[in-house]
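In what follows, a structure is listed as structure tokens, so that the remarks can point back to it.
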There are 2 protein chains.
Amino acid sequence: MPAEPLSRPRIVAAAIDLIEREGADAVSMRRIAADLGVGVMSLYNHVPSKSALLDGVAEAVLSQIEFTDDPDAEWTDRVRMQARAFRQIAHHYPRCTMVVVSRQLNSTAGLLPVERALSTLRDAGFGGREAVRVLRVFIAYIVGSLLREVGVTPTFAPVHRPDIAVADADPLLFPQVSGLAGPLADCDHEAEFEFGLEMLIQAVAVQLKPYG
Amino acid sequence: MPAEPLSRPRIVAAAIDLIEREGADAVSMRRIAADLGVGVMSLYNHVPSKSALLDGVAEAVLSQIEFTDDPDAEWTDRVRMQARAFRQIAHHYPRCTMVVVSRQLNSTAGLLPVERALSTLRDAGFGGREAVRVLRVFIAYIVGSLLREVGVTPTFAPVHRPDIAVADADPLLFPQVSGLAGPLADCDHEAEFEFGLEMLIQAVAVQLKPYG
DNA sequence: CAAGTGTACGTACGGTGTACGTCCCTGGAG
DNA sequence: CTCCAGGGACGTACACCGTACGTACACTTG
């Protein structure tokens with residue numbers, strides 16, 4: 001009768017499903033067990049704690065990044081691709097994004113993107129320390145963008161809600177905000193992401209000049 | 001005997017204290033009530049829910065940003081100042097940062113920095129839509145940086161821990177990572193922040209050229 | 001004085017993570 | 001075959017959580 005014999009991957013997958021369907025707040029060991037048709041404590045035979053389970057979620061999501069890195073391509077294109085690959089998973093697992101980002105990930109799943117990025121930057125001509133610095137800037141921008149996209153950080157357009165944040169701003173206290181209510185309210189996430197990404201790449205290119 | 005008569009600000013302050021002392025996970029209504037020497041349910045006379053209390057924490061922290069904006073200064077300097085002011089609160093309330101960032105803040109405390117920033121960018125010569133776009137890039141970068149600084153996003157140097165993330169990386173699988181273990185492990189947050197900030201400001205300045 | 005109002009509080013309910021002990025099912029040894 | 005050891009599934013139990021509800025008391029107002 002037990003079609004599949006319960007395992008860590010199956011539990012992690014159930015957790016991801018649950019998060020995507022009902023949000024991270026809905027996650028509880030009891031709920032996951034129920035979704036799997038299994039007793040609560042059975043989970044602990046495969047997962048040491050809820051925290052470890054969420055680590056597993058982060059790792060699983062992160063390891064699904066599709067990297068199609070072409071070492072012969074222009075470094076700017078490689079950076080673009082890697083940044084987009086990162087963003088893609090946030091688009092694929094929106095409600096998991098916060099979980100992934102807010103977890104200290106020490107696994108290889110977290111290290112591989114770093115390795116690729118450093119490789120790309122060093123190929124581009126950066127020294128070790130410079131590559132690390134530049135990478136940190138990119139990570140900060142990408143993480144910040146994903147958080148906005150996922151709705152945790154303000155777009156100023158409350159997610160799928162009649163706009164309350166900006167529309168009722170007092171025009172006398174906040175002339176700019178209320179004057180720009182329109183642009184502030186709607187946000188083409190992809191376009192915004194690309195806009196900032198291009199700005200960063202171009203800025204990085206300038207940094208690179210002196211070393212060329 | 002009740003020295004002070006219990007109020008929303010007092011409760012919020014207690015919550016902030018608790019978060020800074022023991023982390024956001026330690027926050028519970030019971031715990032806050034105990035710290036205030038008060039019954040649990042008394043809190044609900046001043047705060048509708050725990051969620052609202054955390055909103056209050058976010059608002060309180062955010063409203064302590066010190067803005068010393070000089071409208072006559074160069075716009076680059078104004079942007080620098082505002083970005084640093086934002087970062088300063090994360091430095092002052094490190095454990096609260098995640099709470100602040102992860103909360104959709106629709107209060108005036110959240111709108112005021114936006115107003116100032118838009119004002120600065122428009123003074124610099126940006127149109128409305130462009131100002132919003134540029135602002136979003138800055139916010140993404142700042143938020144991402146603060147998260148790294150606070151330790152939620154990887155510095156690759158696990159906060160106050162013997163470095164485990166990077167040191168034991170397999171040199172064959174991750175040559176870059178293990179080769180750059182040193183630079184990856186230590187991170188001068190202020191220098192990193194400033195480095196990326198300057199890159200962004202310069203990139204924005206380039207964006208501005210065509211409109212000048 | 002009486003009535004009304006708002007704050008503090010205790011109790012109680014349904015939920016959480018998980019430590020612990022018990023069952024049963026399997027696989028190998030004799 | 002029997003017998004036994006090991007491991008996975010499970011139920012119970014505990015401490016803690018957020019908060020709905022009812023009560024008791026201090027105060028203002030008439």
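Just so we're clear, the structure is a prediction, and the values are computed from it rather than from any experiment. Order of the sequence lines sets the chain letters (A, B, ...), proteins ahead of strands, with each chain counted from 1.
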Rounded distance (Å) that lies between atom P of C:dC9 and atom CD1 of B:I11: 11 Å

Inspect the surroundings of CG in A:D25 and state if more than 12 heavy atoms from other residues, nucleotides or ligands are less than 6.0 Å away. no

Under-3.5 Å N/O pairs linking protein and nucleotides 17-26 of chain C:
unit_1	atom_1	unit_2	atom_2	d
C:dG17	OP1	A:M29	N	3.3
C:dG17	OP1	A:K50	NZ	3.1
C:dG17	OP2	A:M29	N	2.9
C:dG17	N7	A:R30	NH1	2.6
C:dG17	O6	A:R30	NH2	3.1
C:dT18	OP2	A:Y44	OH	2.7
C:dT18	OP2	A:K50	N	2.9
C:dT18	O5'	A:Y44	OH	3.4
C:dT18	O4	A:R30	NH2	3.3

Does a side-chain heavy-atom distance below 4.5 Å link A:R31 with A:D35? yes

Using a strict cut-off of less than 4.0 Å between a Lys/Arg side-chain nitrogen and an Asp/Glu carboxylate oxygen, indicate whether B:R80 and B:E194 qualify as a salt bridge. no

Could you tell me how far apart A:R10 (CZ) and D:dA9 (C1') are, to the nearest whole angstrom? 13 Å

side-chain contact (heavy atoms from CB on, under 4.5 Å) with B:R87: which residues, sequence neighbours excluded? B:H91, B:L146, B:E149, B:H189, B:E190, B:F193

Whole angstroms only, please: what is the NE2-C1' distance between B:H46 and D:dT19? 16 Å

Measure the CD-CD1 distance between A:E192 and B:I139 for me, rounded to the nearest 0.5 Å. 10.5 Å

Can you tell me the distance, in whole Å, between the CG atom of A:L6 and the C1' atom of D:dG8? 9 Å

Answer yes or no: is there an ion pair linking B:R78 with B:D69, defined by an N-O contact shorter than 4.0 Å? yes

In whole angstroms, the gap separating P of D:dG8 from CG of A:L36 amounts to 16 Å

Separation of atom CG in B:N45 from atom P in D:dT23, rounded to whole Å: 17 Å

Starting at CG of B:D25 and ending at P of C:dT16, how long is that distance when rounded to a whole Å? 17 Å

